[in-house]
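Report on the structure given below.
Proteins come first, then strands; the chains are lettered A, B, ... in the order of their sequence lines, and each starts at number 1. For clarity, every value in this text was computed on a predicted model and none was experimentally measured.
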2 protein chains.
Amino acid sequence: MTTLKDVAKKAGLSITQTSRALNDHSDVSAATRERVKEIALTLQYRPNLSARKLVSGRSGLVGLVVPRTKDLASDGLFIEVVSGLSTEFSLRDMQFVLHVTQPEEPIIPVYKRLVGNGAIDGFVLIDPREDDRRAAFLSKAKVPFVVHGRIGPNPKHAYFDIDNEKIFRGITRHLSALGHRRIVLLNGIEDRTYAEARSCGYRHALVDSRIDPSEAIIRSGAMTESFGLISTVDLFSGPEPRPTAIICGSVRIAKGVYQALNALGLSIPRDVSVFAHDDHIAQIQTEAFYPALSVTDAPMRDSWKPLAACLEGAISGAPLSELQVVGPYRTILRQSTAAPCQ
Amino acid sequence: MTTLKDVAKKAGLSITQTSRALNDHSDVSAATRERVKEIALTLQYRPNLSARKLVSGRSGLVGLVVPRTKDLASDGLFIEVVSGLSTEFSLRDMQFVLHVTQPEEPIIPVYKRLVGNGAIDGFVLIDPREDDRRAAFLSKAKVPFVVHGRIGPNPKHAYFDIDNEKIFRGITRHLSALGHRRIVLLNGIEDRTYAEARSCGYRHALVDSRIDPSEAIIRSGAMTESFGLISTVDLFSGPEPRPTAIICGSVRIAKGVYQALNALGLSIPRDVSVFAHDDHIAQIQTEAFYPALSVTDAPMRDSWKPLAACLEGAISGAPLSELQVVGPYRTILRQSTAAPCQ
DNA sequence: CTGTTAGCGCTTTCAA
DNA sequence: TTGAAAGCGCTAACAG
């Protein structure tokens with residue numbers, strides 16, 4: 001293995017100066033820098049990460065801890081997150097350490113161990129909760145981390161998120177502007193931050209549209225077809241008056257909703273309008289819905305690059321303002337939404 | 001962060017002796033060892049991996065490099081491998097570095113980079129080819145690795161594998177013993193080592209059963225329902241005489257075969273016997289096939305533990321004989337196989 | 001059984 | 001613009 005010493009020897013320089021040249025320090029002549037880099041390339045020099053870590057405190061290692069649950073495999077999310085992040089970190093010459101816990105293993109000790117070893121520069125936190133213990137622990141331990149989503153109303157951490165509140169406020173407003181008043185929100189699992197933001201946006205829009213907040217109809221559940229199907233059947237076999245519009249937290253939920261409405265003999269959008277948010281993690285084409293599904297569109301695969309960038313920034317001590325990024329989305333109106341009948 | 005120095009100070013010992021105590025060296029009094037370990041525990045001491053690596057050459061980091069292909073996500077294998085290995089290495093206090101390459105990125109430079117950095121102790125190689133460039137590179141670079149499967153007839157590397165040749169020889173013999181002579185093998189992708197071993201076992205069994213090797217019927221393809229379906233339709237719309245038994249490389253293939261046979265109006269096992277190898281990575285219950293599917297059963301999820309163990313052994317320089325493990329399998333005869341009714 | 005000394009490969013003062 | 005020297009935290013000779 002080529003070391004700095006080898007490069008220095010070949011360059012006829014001291015190790016110190018060689019290191020400086022390679023790391024683009026200002027006090028190196030351009031000529032020297034070029035020459036040294038050339039030699040390093042020829043010799044296939046790669047800085048030893050452990051040595052660098054020891055002195056600089058950086059190892060270039062970042063971690064993701066995923067609890068092992070039985071639905072890990074079926075959930076398309078895991079693979080998306082893992083392969084996306086791995087790819088992005090590779091591009092940045094960082095190593096991506098993946099830790100899948102034991103089924104019932106408490107998660108904080110895992111972080112403790114990983115942090116204690118001192119090998120990992122920072123973490124990516126996915127699937128944040130309103131009251132997230134991982135974030136609390138890492139903050140206290142002063143270990144950099146980036147959250148996929150936001151924790152709390154005024155977060156002090158690095159994050160990449162989409163504006164869930166705005167998105168769902170927009171969807172709800174759109175439907176109410178069409179004339180809908182009994183609008184259902186089939187939301188995600190309750191204590192997830194994104195679900196909270198979404199229901200918040202939904203409620204705000206109701207108020208904006210002078211619909212009494214007590215008329216809010218929210219169901220919480222996993223992002224599955226079953227949830228969409230069961231909720232829909234339940235809602236439309238309940239007491240009159242029936243809802244006229246359904247907002248789905250995901251396309252997968254929408255799939256279940258379509259099935260249920262179809263089974264109930266209800267027509268989209270004549271009897272019921274359906275709107276969904278599409279993060280593209282279900283391998284489902286929304287154009288292929290019949291009638292084509294109206295969606296807000298924000299591919300989750302676009303998250304991994306900014307997440308990696310934010311974590312890199314957090315590790316190198318960039319100001320928080322640069323590390324809090326909210327991604328874009330598009331609204332795509334198709335055939336599943338219309339004014340309610342009569 | 002607690003360092004060895006802190007522990008030593010508290011124990012009133014030298015750093016050296018403390019290190020020895022913690023690492024279970026022989027020349028430490030039992031009392032001291034106990035006491036030191038106690039203190040380390042209290043202080044939540046965790047050895048700094050980078051420091052250890054620097055001096056001992058071990059970092060506790062192991063790597064897996066996965067090429068990013070479009071079917072990464074749909075293929076249940078990726079998630080199984082990644083979560084399985086991650087879990088097993090966590091248990092051994094090793095860190096699992098996952099590297100997903102760019103779509104068309106050549107893979108050897110990735111290993112070169114990872115190895116050059118000197119941070120990774122060893123690699124797991126999955127999906128080996130007959131002529132595997134990764135293995136060749138790592139061997140030459142003298143970097144420990146373990147293969148999921150075997151490369152070549154007399155491998156010099158650590159591996160965990162099942163006895164594919166024996167398994168498929170057994171299946172074929174079983175069918176020929178029932179009286180079948182026109183037996184199809186729907187094998188995996190051609191240049192994969194396991195597929196080669198399987199076709200080898202199949203051919204041997206033909207010879208054993210005095211069936212002319214020229215009567216071998218082998219199709220190669222991906223482990224998909226489509227492959228099973230298309231192959232079956234093709235075979236049974238070809239010229240007489242038709243096959244009477246089909247051996248499937250995976251349960252997923254068998255699924256396609258069942259569909260095709262059903263569509264062709266052929267009955268299992270009256271017209272055609274079907275046998276499959278079940279590695280449990282398709283989320284498919286073989287009992288739920290109708291008629292229930294006869295299988296050889298060797299869950300792939302049982303591979304991760306021995307793979308991790310072998311890699312750990314390879315890194316610590318255990319003799320090769322201990323690092324070459326062949327896992328067990330069971331034969332489960334159900335209703336999909338019977339004597340042919342001529 | 002225990003301590004002293006050296007050094008892994010690198011970055012960073014400090015001095016020239 | 002450059003080099004010498006110190007030290008990150010740990011392990012492994014080498015003495016006692």
Relative to the 5' end of DNA chain C, which residue comes earlier, B:Ser56 or B:Leu13, by the nucleotide with the nearest heavy atom?
B:Leu13
Within the structure shown, what part of the strands sits under 4.0 Å from B:Thr16 by heavy-atom distance: base, sugar-phosphate, or nothing?
base
Parallel, tilted or perpendicular: which one describes the rings of B:Tyr111 and B:Phe123, with boundaries at 30° and 60°?
perpendicular
With a 4.0 Å cutoff (strictly under), does any side-chain N or O of A:Asn23 reach OP1 or OP2 of C:dT11?
yes
Taking the inter-plane angle between the rings of A:Phe160 and A:His148 on a 0 to 90° scale, is it parallel (under 30°), tilted (30 to 60°) or perpendicular (over 60°)?
parallel
Pick one: which of B:Arg58, B:Lys53, B:Arg52 meets salt bridge (charged side-chain N to carboxylate O under 4.0 Å, His left out) with B:Asp121?
B:Lys53
Does a donor on one side chain sit under 3.5 Å from an acceptor on the other, for B:Thr32 and B:Ser29?
yes
Which one, C:dT12, C:dG9, C:dT2, comes nearest to the side chain of B:Ser29?
C:dT2
Can you tell me how far C1' of C:dT11 sits from CG of A:Asn48, to the nearest Å?
13 Å
Are B:Arg68 and A:Thr87 linked by a side-chain donor-acceptor pair shorter than 3.5 Å?
yes
OP1 or OP2 of C:dC8 versus the side-chain N and O atoms of A:Thr3: is any pair under 4.0 Å?
no
Under 4.0 Å between any heavy atoms, over every strand shown, what does B:Ile15 touch: base, sugar-phosphate, or nothing? Just pick one.
base
First-last contacting nucleotides on DNA chain D - partner chain A, under 4.0 angstrom, heavy atom
D:dT1 to D:dG9
Checking all strands, does A:Asp27 fall into the base, sugar-phosphate, or nothing category for heavy-atom contacts under 4.0 angstrom?
base
Under 4.0 Å, heavy atoms only, any strand: does A:Ser50 hit a base, just the sugar-phosphate, or nothing?
nothing
